[in-house]
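Below: one structure, written as structure tokens.
A, B, ... follow the sequence lines: proteins, then strands. Residue 1 opens every chain. Side chains are part of it too, since the values below use all heavy atoms of this structure and drop only hydrogens, waters and symmetry mates.
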Protein chains: 2
Amino acid sequence: MQSLRRIVKALHDYSMRVEKQCGLTGPQLWALWELNRAGTLSLKALSKQMHLEPSTVTGVVERLHKRGLLTREPDPADRRRVMLSLTAEGSQLLKGAPHPAQGQLLYALHGMDLDSVASLNQSLKRLASDMEVDATDARFFFAEG
Amino acid sequence: MQSLRRIVKALHDYSMRVEKQCGLTGPQLWALWELNRAGTLSLKALSKQMHLEPSTVTGVVERLHKRGLLTREPDPADRRRVMLSLTAEGSQLLKGAPHPAQGQLLYALHGMDLDSVASLNQSLKRLASDMEVDATDARFFFAEG
DNA sequence: TGCAAACTATTTGAATGCAAATTAATAACT
DNA sequence: AGTTATTAATTTGCATTCAAATAGTTTGCA
């Protein structure tokens, strides 16, 4: 638990450093990054890529739009949808920016040998999968209270 | 990275479940928990225990105080300090509440053998430690951009 | 066709979290 | 003693995040 908190904190600190570097917060950079990868995404699709709620992404996108880093065009085929794309300025900014958050991980993983990284990856995937199991049996949660 | 996001998300979902159960958010429960462990803490000390900024803890404590779950007494020895303690009500509420977030981890770790848990713990500690290294050498961060 | 159901995006309200600035109290140093 | 520096807590302003409610659009079914 302590290690996880420290990792999350370190990721946040990295995000702050990125913000100082290129003027974007972590989620903002992340959103631009996903748009650059995909070319064009609906808000829903972007929120899915980022594993965030649409209502959250609306705000992030709004701030990026206000700065002219992306365009918001209604989809002619489905007028509920808002298609998001990078502007030239957004694309340009992205060229000078680091990977979102992943840079910090890469840096940290530099100091670990390949076997450790592979093992960690397996363990984390297993843990993540286990934690997503719906906890209908509450005994485990309260047994140690 | 994906695994970490999923773990953080799962922890947040657990926090929501806890909130539905006992009417407290994760940080609120966590604060009460730390107070119960320590008996009495200054706001500064509590923020240190939780690895959060004092300005953040001020808000959390205020909400708990508003509900009568803790007391805020000025320290006679140093009147800058505000000493925090659980009320009887807060103590009572804590008895029926799960461990903050750790319950979710315990549940997940149930499904892993001891060696895997030990190995994961080592890897996470190592990773957390590596990520806290001050990144004066920015090459790692931008090499892959 | 027409109505209900489902979907997309946004709005609203609340909590968390930080940094920076403020206020108040203590410590330190001249 | 008096001025300065440090420390504790709060306030303010902003970004992120979610859930729930809403408006507009599309789909599906009768």
Taking the side chain as every heavy atom from C-beta outward, state whether [X] and [Y] have any pair of such atoms under 4.5 Å apart.
X	Y	value
B:L35	B:L94	no
B:L84	B:R72	yes
A:L64	A:V60	yes

With B:S91 via side chain to side chain donor-acceptor pair (under 3.5 Å) - residues at least two apart: none

Distances under 3.5 Å between nitrogen or oxygen atoms of protein and nucleotides 5-10 of chain D:
unit_1, atom_1, unit_2, atom_2, d
D:dT7, O2, B:R80, NH1, 2.5
D:dA8, OP2, B:K44, NZ, 2.9
D:dA9, OP1, B:L43, N, 3.4
D:dA9, OP1, B:V82, N, 2.8
D:dA9, OP2, B:K44, N, 2.6
D:dT10, OP1, B:R72, NH2, 2.3
D:dT10, OP2, B:T58, OG1, 3.1

Pairwise distance CD(B:Q92) to CG(B:L69) - rounded to 0.5 angstrom: 11.5 Å

Among pairs that include at least one residue of residues 76-94 of chain B, which meet salt bridge (Lys or Arg N to Asp or Glu O under 4.0 Å), considering only residues two or more places apart or in two chains?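 Checked against salt bridge (Lys or Arg N to Asp or Glu O under 4.0 Å) - neighbours excluded - the pairs reaching residues 76-94 of chain B are B:D78-B:R80, B:D78-B:R81.
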
Any salt bridge (Lys or Arg N to Asp or Glu O under 4.0 Å) pairs touching residues 59-71 of chain A, not counting sequence neighbours? none

To the nearest Å, give me how far apart [atom1] ([X]) and [atom2] ([N]) are.
X	N	atom1	atom2	result
A:Q28	D:dA15	CD	C1'	8 Å
A:E73	C:dA9	CD	C1'	16 Å
A:E53	D:dA21	CD	P	15 Å
A:D75	D:dT26	CG	P	9 Å

Going by number, which of residues 60-67 of chain A have a non-hydrogen atom under 4.0 Å from DNA chain C? none

Considering residues at least two apart in sequence or located in another chain, which fulfil the side-chain contact (heavy atoms from CB on, under 4.5 Å) criterion with A:T58?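 Result, side-chain contact (heavy atoms from CB on, under 4.5 Å) vs A:T58: A:L43.
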
